[in-house]
Every structure is written in C-alpha cells, then in structure tokens.
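One structure is given below, encoded as structure tokens.
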Amino acid sequence: MKLYKYGNPESNIVLIQPVGTHNLNEIPNQVERIKINTKKEIQMLAIKVDNWNQELSPWKAPAVFGKEAFGDGALELLTEILKLCSDKNKKYYLGGYSLAGLFSLWACCQSGKFAGIAAASPSVWFPGFLTYLEENEVKSPCIYLSLGDKEDKTKNAMLSTVGDNIREVEKIMKENKVKCILEWNQGNHFKEAGERTAKAFSWVIINQ
C-alpha cells in the first residue's frame, strides 16, 4: 500500500480513496473540483492498490470478466485505512469508483468511523453483496450512490444486474434511515470516472 497526500493537511475533512495506477493522474483535478463544489478545504489520502481484484474484494468470487478471480483482501486493506483515522477532531470520508466504491459500501458495515461514503459507479453486481447489506448494520449516516445509465446494457449476465442491484442498495439504505441519494450519470462505466467521484465526495461532505 502506497499513500499519496493531496490538499490541505490541516483540514478537518479527510477523504480516503483507494485508487489504481490508472486513477492517480485524475486525483489532483478531482481534489480541485471537490473544493470548488463544497467551498471547503479538504485533504485527500489516495491509497494505491496494487492488486485491484484482491485487495478491494470482501470475499472470494469467480472471475466475471477475463480470467482473474476476486480475492478476500478487503479486511486487511480496511485495517490499514483505519490506522489513518486516529484524529478525533477530523471527519473521515471513504469512497471510490467501481470496485473501490463497492469496498467503501462494504466498509460502512464494518466500521462506524466514516462520516460519509462516496460510492461512484460501485460494483454492486458483486456476488452476495446485497445479502451482505441486508444482514449487516450500515454504520455511516450519509451515502452517495451513482451509476451510468448504460452500465447495465451489457451481455455479461453478472454485470447486467448492476442497475437493479443499485436500486436495491438505495432501498436498503433508506429503510435503515440512512441519508442516501442515487444519481444517474450519462454514459457507460468508463465515462468521466474522476468527475463522477468528485461529485460523490462533494455530496457527502455537503449533506453529512
């Protein structure tokens, strides 16, 4: 795990985002966009994940695309993230895009440390995830969900469930009295990931 720091280290708002190498070049612009949207000083801690399918997956699952299966490294990663959340004078927000968004939703049932969860286009097609949400307490009070309006338009049987599943996630959150919004973006999963993630973090900061 390698940590990259952006923004104001004195801010009491700390955003934590697991990222892959492909996301790192988006982070500076993302941070600036969040500052503009919220009119607040923030600090962003970007955690570089070396093995996306292993480190962000809460439990093992077979490959959905390609040949790489999913591991069960999420608990180990969350343990390291919680070590970054020791200052009681600061509010910590966890979020990310795609599988990092799913990881963030999983984590909000594991720990009450996060004031908000920013789940942009989260991989809620992940096998068994809806059952997990139904059976566990959501410990974060404010959750943002989004999806591209073309993301479930796919021949892949597992990925095509993402639209119905994210609607169910929103329903579960609201039944549990969590402040939650589901926003639909134009396009497929690969459109404007940085902008979508900036919107996600901005919403939870403003609405928490």
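- Side-chain atoms of K199 and N185 form a donor-acceptor pair, as typed in the model, at a separation below 3.5 Å.
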Which is it for Q17 and Q30 under the side chain to side chain donor-acceptor pair (under 3.5 Å) test, yes or no, and what are the steps along the way?
CA-CA 11 Å; Q17 181 180 346; Q30 188 176 302; 2.5 Å; yes

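- No hydrogens or angles considered: nothing links the side chains of K191 and Q186 as a donor-acceptor pair under 3.5 Å.
- Within the 4.5 Å cutoff, the side chain of E170 has heavy atoms near those of the K174 side chain.
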F114 vs W106, ring pair (Phe, Tyr, Trp, His ring centres under 6.0 Å): CA-CA, chis, key distance, verdict
CA-CA 12 Å; F114 306 110; W106 168 83; over 10 Å; no

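- Criterion: ILVMFWY side-chain heavy atoms under 4.5 Å apart, direct or through other members. Under it, I181 and V138 are not part of a common hydrophobic cluster.
- The aromatic rings of W203 and Y144 sit tilted, their planes meeting at an angle between 30° and 60°.
- The aromatic rings of Y4 and Y6 lie parallel to each other, their planes meeting at an angle below 30°, with 60° marking the opposite boundary.
- Of the charged side-chain nitrogens involved, none lies within less than 4.0 Å of a carboxylate oxygen, so that E192 and R33 do not count as a salt-bridged pair.
- Linking Ile, Leu, Val, Met, Phe, Trp and Tyr whenever their side-chain heavy atoms come within less than 4.5 Å leaves L24 and Y97 in two separate clusters.
- In this structure, F190 is not a member of the same hydrophobic cluster as L102, with clusters built from ILVMFWY side-chain heavy atoms closer than 4.5 Å.
- By the 4.0 Å N-to-carboxylate-O rule, E32 lies close enough to K35 to be salt-bridged with it.
- Side-chain contact between M44 and I27: present, with at least one pair of heavy atoms (C-beta onward) separated by less than 4.5 Å.
- The CG atom of L94 sits 6.5 Å away from the CD1 atom of I16 when rounded to the nearest 0.5 Å.
- Taking 4.5 Å as the limit, some side-chain heavy atom of L15 sits within range of a side-chain heavy atom of I34.
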